[in-house]
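Below is one structure, written out as structure tokens; the observations come after it.
Computed from a predicted model, the values in this text were never measured in an experiment. Order of appearance sets the numbers: ligands from 1, and atoms from 1 within every ligand.
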Amino acid sequence: VTVGFIGGTGPEARGLALRFVRAGIEVVLGSRTPDRAARAAAECRSRLGTMDVRGALNREMLPECEVVFLTVPWEQATGAVDTLRAEFRPGQVLVDVTVPLRFAAGTPERVELAEGSNAERIAKHVPEGIELVGAFKTEPAHVLGEIDLPLDCDTFVCGDSAAAKMKVMDIAARVPGLRPLDAGPLVAARTLEMMTVLAIQLNRSHRSKGGRFRIVGL
Ligand SMILES: NC(=O)c1ccc[n+]([C@@H]2O[C@H](COP(=O)([O-])OP(=O)(O)OC[C@H]3O[C@@H](n4cnc5c(N)ncnc54)[C@H](OP(=O)(O)O)[C@@H]3O)[C@@H](O)[C@H]2O)c1
């Protein structure tokens with residue numbers, strides 16, 4: 001599987017890419033500009049000493065990747081999907097990582113959306129034949145980027161296609177220390193997006209950047 005990123009130059013995408021490439025997965029970091037894509041890929045290659053990551057324009061990356069992560073700011077997600085509509089290929093899996101949040105007087109809060117979650121909002125824009133999965137919403141970029149730090153956490157995967165979820169869970173399972181858990185249908189993104197807000201709040205009150213989730217008893 002080749003994994004691509006729309007908005008592959010931000011900290012969340014670069015952190016995920018480092019973990020995936022280190023797990024032996026080929027990655028293409030997409031961007032709206034070739035220079036930014038090239039720089040992000042070069043940084044990733046130099047940190048890992050491997051050639052298994054390259055940069056490309058979003059529209060060039062998209063047709064060649066079986067699984068594509070959407071790692072743009074949450075407000076831009078539907079616009080990014082619309083802009084790239086013609087480049088999607090039937091059978092691809094789109095992984096929504098976005099979290100609709102804002103800070104009100106320094107406190108993180110989830111932005112209420114009519115659709116219930118940003119994943120469900122994006123679902124209305126995804127071309128036919130593309131399966132949407134919500135995942136990796138609760139892993140902080142800071143932790144992902146510290147590649148020598150064991151992840152030691154769970155990642156929650158939701159979606160309405162069992163096969164698409166399985167594909168994403170297979171990718172996650174290859175990353176050492178990361179346990180993928182099937183969180184149910186796409187509407188579960190409402191909960192996952194809330195959990196991220198909780199994690200940020202906990203991190204702030206504990207003056208940490210590393211708070212993340214591990215479910216016990218499973
Ligand atoms: N940061 C975290 O710890 C974290 C944790 C969990 C989930 N998330 C979610 O992951 C997503 C990415 O987070 P981030 O902090 O990495 O974001 P970011 O740095 O703000 O943005 C990521 C990339 O998105 C691209 N982008 C910006 N505006 C765009 C637009 N209008 N259309 C297309 N692409 C656009 C930019 O790439 P180019 O300019 O190169 O095209 C940018 O480098 C967010 O939705 C966030 O909610 C983040």
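In this structure, a donor-acceptor pair under 3.5 Å is present between the side chains of Asp96 and Thr98. A side-chain N or O of Ser117 and one of Glu120 form a donor-acceptor pair less than 3.5 Å apart. Of the N and O atoms on the side chains of Glu139 and Thr155, at least one donor lies less than 3.5 Å from an acceptor on the other residue.
Protein heavy atom in closest approach to atom 46 (C) of ligand 1: Val99 N, 4.2 Å. Closest to atom 26 (N) of ligand 1 among all protein heavy atoms lies Arg32 NH2, 3.5 Å.
For ligand 1, none of its N or O atoms has an N or O atom of Ala13 under 3.5 Å away. Taking distance alone, with nitrogen or oxygen atoms compared against 3.5 Å, Val72 approaches ligand 1 more closely than that limit. Checked against a 3.5 angstrom limit, the closest N/O atoms of Thr196 and ligand 1 fall outside it. Looking at ligand 1, you'll find an N or O of Thr9 within less than 3.5 Å of one of its N or O atoms.
For ligand 1 and Glu139, the ligand atoms under 4.0 Å from any heavy atom of the residue are 5 (C), 6 (C). Below 4.0 Å from some heavy atom of Ala141 lie the following atoms of ligand 1, by number and element: 1 (N), 2 (C), 3 (O). Below 4.0 Å from some heavy atom of Gly7 lie the following atoms of ligand 1, by number and element: 22 (C), 23 (C), 24 (O), 25 (C). Less than 4.0 angstrom separates some heavy atom of Val97 from each of these atoms of ligand 1: 7 (C), 8 (N), 9 (C), 10 (O). Those atoms of ligand 1 that come under 4.0 Å of a heavy atom in Thr71, given as number and element, are 11 (C), 12 (C), 22 (C), 23 (C), 24 (O). Those atoms of ligand 1 with a heavy atom of Pro73 less than 4.0 angstrom away are 20 (O), 21 (O), 24 (O), 26 (N), 27 (C), 28 (N), 45 (O). Less than 4.0 angstrom separates some heavy atom of Lys137 from each of these atoms of ligand 1: 6 (C), 7 (C). Ligand-side atoms of ligand 1 in range of Ser31: 38 (P), 40 (O), 41 (O), range being under 4.0 angstrom from any heavy atom.
Note that the CZ atom of Arg39 and the OG atom of Ser31 stand 8.5 Å from one another [nearest 0.5 Å]. With values rounded to the nearest 0.5 angstrom, Leu57 atom CG is found 11.5 Å from Leu62 atom CG. How far CD of Glu12 is from NE2 of His142: 12.5 Å, rounded to the nearest 0.5 Å.
Note on ligand 1: Pro140 sits in its first shell, one or more heavy atoms being nearer than 4.0 Å.
In this structure, Arg110 pairs ionically with Glu193, as a charged nitrogen and a carboxylate oxygen lie closer than 4.0 Å. A salt bridge is defined here as a Lys NZ or Arg NE, NH1 or NH2 lying under 4.0 Å from an Asp or Glu carboxylate O, and Asp148 with Arg22 meets this definition. The pair Arg102-Glu109 meets the salt-bridge criterion, since a charged nitrogen lies less than 4.0 angstrom from a carboxylate oxygen. Under the 4.0 Å criterion applied to side-chain N and carboxylate O atoms, Lys167 and Glu131 are not assigned as salt-bridge partners.
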Trace of the ring pair (Phe, Tyr, Trp, His ring centres under 6.0 Å) decision for Phe136 with Phe156: CA-CA 7 Å; Phe136 299 95; Phe156 307 98; over 10 Å; no
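With a 4.0 Å cut-off on non-hydrogen atoms, Gln76 touches ligand 1 through its side chain and not its backbone. With a 4.0 Å heavy-atom cut-off, ligand 1 is reached by the backbone of Glu12 and by its side chain too.
In this comparison of Pro11, Pro34, Gly145, the heavy atom closest to atom 15 (O) of ligand 1 sits on Pro11.
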